[in-house]
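Below you'll find the structure, written out as structure tokens, and then a few comments.
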Amino acid sequence: MTPRIGTVEKDRALALLNEHQAAGRIDLREFDLRAQQITAAVTQADLDAIFADLPSPADDRRNPWLVATVALGITCVLLIGAVVVLATQRSSATTSEVAAPVSTTTSRASAVAAAPTSSRSATATSTSTTTSSSTSGALSDVSTDAVQYVMDFKALSGGKYSDLDVGPSQVSGTSYSRSVLLEPYREQLAFVEYDLGRKFTRLDGVLGIQDDSTPSDIAVQFQIYADGALLTDVVVKLGATVPVHLEFDKPLRLRLQVTDTTGGNCVGVFGDLRATR
């Protein structure tokens with residue numbers, strides 16, 4: 001009998017699906033579709049079917065050995081070629097006709113030997129720049145010029161919701177301190193819109209239902225729009241989370257929308273949702 005699964009297995013599967021999306025094996029629409037299938041899965045066989053056409057973590061671990069084997073083979077070929085060239089040069093050194101080519105080869109070798117020095121210098125400069133940039137990015141976990149938490153934007157008038165709030169929220173036992181929270185009417189939708197000012201190219205965060213929502217089998221449909229185009233459409237159950245990683249071309253308007261699909265008392269959470277330039 002195929003074993004049944006729970007929240008732990010589903011969260012692990014969603015994390016693995018996120019790795020495949022980041023590696024470019026699936027696009028955002030396919031990510032959303034498979035995330036919904038994971039949320040609805042009941043047995044381990046259901047999860048296995050979702051990943052049937054994707055490489056397993058064991059396959060990824062074998063790749064470094066394959067790369068190392070290919071690199072070793074290339075190195076051996078280069079060494080053999082170098083030995084042949086040296087032997088040819090020594091056998092030709094006794095004739096004056098080949099003197100010029102030997103001199104030319106030596107000149108080329110000198111030019112090639114100089115290149116690594118320049119490369120090391122460039123690498124050192126790059127490393128220094130990267131270190132400086134990394135140190136600068138780690139100074140604060142609040143909104144910056146490059147990254148803006150959506151909760152810090154001013155909500156536009158005309159939104160529809162029973163209650164809109166921003167700040168901390170608890171989802172599946174995890175705290176998200178900078179979140180957008182929408183509470184829809186029973187079996188109705190709620191939405192809020194923000195002006196992004198055509199400055200941002202990426203949106204990241206987590207979707208889920210606040211832990212104190214009722215009843216225990218409640219489910220909420222989450223939708224994200226950019227300039228009227230639907231980017232994400234996924235149903236999330238209480239106790240589950242779905243990661244969000246969206247890329248777009250500097251839209252003007254962002255719309256966050258939730259719909260109570262079961263008629264309960266719930267709060268839809270866009271956990272730590274942030275826009276990146």
Take Val206 and Val171, measure what side-chain contact (heavy atoms from CB on, under 4.5 Å) needs, and give me the verdict at the end.
CA-CA 9 Å; Val206 173; Val171 178; 5.6 Å; no
For a quick test of reading the model, state the closest non-hydrogen atom pair linking [X] to [Y] and the distance between them.
X	Y	result
Asp260	Ala219	OD1-O, 3.9 Å
Val258	Gly268	CG1-CA, 4.4 Å
Glu30	Asp53	OE2-OD2, 4.5 Å
Phe200	Pro251	O-CD, 3.6 Å
Pro55	Arg25	CG-NE, 3.4 Å
Val269	Ser179	CG1-CB, 4.0 Å

Verdict with supporting geometry, Thr241 and Asp11, side-chain contact (heavy atoms from CB on, under 4.5 Å):
CA-CA 7 Å; Thr241 58; Asp11 288 346; 3.9 Å; yes
Could you tell me how the ring of Tyr194 sits relative to the ring of Phe153: parallel (under 30°), tilted (30 to 60°) or perpendicular (over 60°)?
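Tilted: the ring planes of Tyr194 and Phe153 meet at 30° to 60°.
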Any donor-acceptor N/O pair, [X] side chain to [Y] backbone, under 3.5 Å:
X	Y	answer
Asn265	Pro215	no
Ser213	Cys266	no
Thr39	Ala35	yes
Glu9	Gly6	yes
Asp195	Arg253	no

Flag the pair [X] / [Y] as yes when at least one side-chain heavy-atom distance between them is below 4.5 Å, and no otherwise.
X	Y	result
Gln223	Leu230	yes
Lys237	Thr7	no
Leu182	Val192	yes

Above 12 or not: heavy atoms from other molecules or residues under 6.0 Å from CZ of Arg4?
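Counting other residues, nucleotides and ligands, CZ of Arg4 stays at 12 neighbours or fewer.
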Answer yes or no: are there more than 12 heavy-atom neighbours, outside Asp145 itself, under 6.0 Å from its atom CG?
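No.
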Let me confirm one number: the [atom1]-[atom2] distance from [X] to [Y], rounded to the nearest 0.5 Å.
X	Y	atom1	atom2	value
Glu19	Leu54	CD	CG	11.5 Å
Leu17	Gln37	CG	CD	9.5 Å
Leu14	Arg34	CG	CZ	13.0 Å
Glu247	Arg202	CD	CZ	5.0 Å
Met151	Ser169	CE	OG	12.0 Å
Leu246	Leu203	CG	CG	5.5 Å

Does a side-chain N-to-carboxylate-O contact under 4.0 Å join [X] and [Y]?
X	Y	value
Lys10	Asp46	no
Asp272	Arg274	no
Asp233	Arg29	no
Asp152	Arg178	yes

Do [X] and [Y] land in one hydrophobic cluster if side-chain heavy atoms of ILVMFWY residues count as linked below 4.5 Å?
X	Y	answer
Ile50	Ile26	yes
Val267	Tyr176	yes
Leu273	Leu196	yes
Leu231	Leu189	no
Val220	Val150	yes

Hey, are Asp48 and Gln44 close enough side-chain-wise for a donor-acceptor pair under 3.5 Å?
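Side-chain D/A pair, Gln44 to Asp48: present.
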When you check the side-chain N and O atoms of Thr261 and Gln221, is any donor under 3.5 Å from an acceptor?
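Judged by distance alone, the side chains do not pair up.
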Could you walk me through whether His245 and Asn18 pass the side-chain contact (heavy atoms from CB on, under 4.5 Å) test, one step at a time?
CA-CA 9 Å; His245 303 290; Asn18 185 44; 2.7 Å; yes
Please confirm whether the ring centroid of Tyr149 lies under 6.0 Å from the ring centroid of Phe270.
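That pair fails the under 6.0 Å test.
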Criterion side-chain contact (heavy atoms from CB on, under 4.5 Å) on Gln257 and Ile224, from CA distance to verdict:
CA-CA 6 Å; Gln257 181 171 303; Ile224 299 178; over 6 Å; no
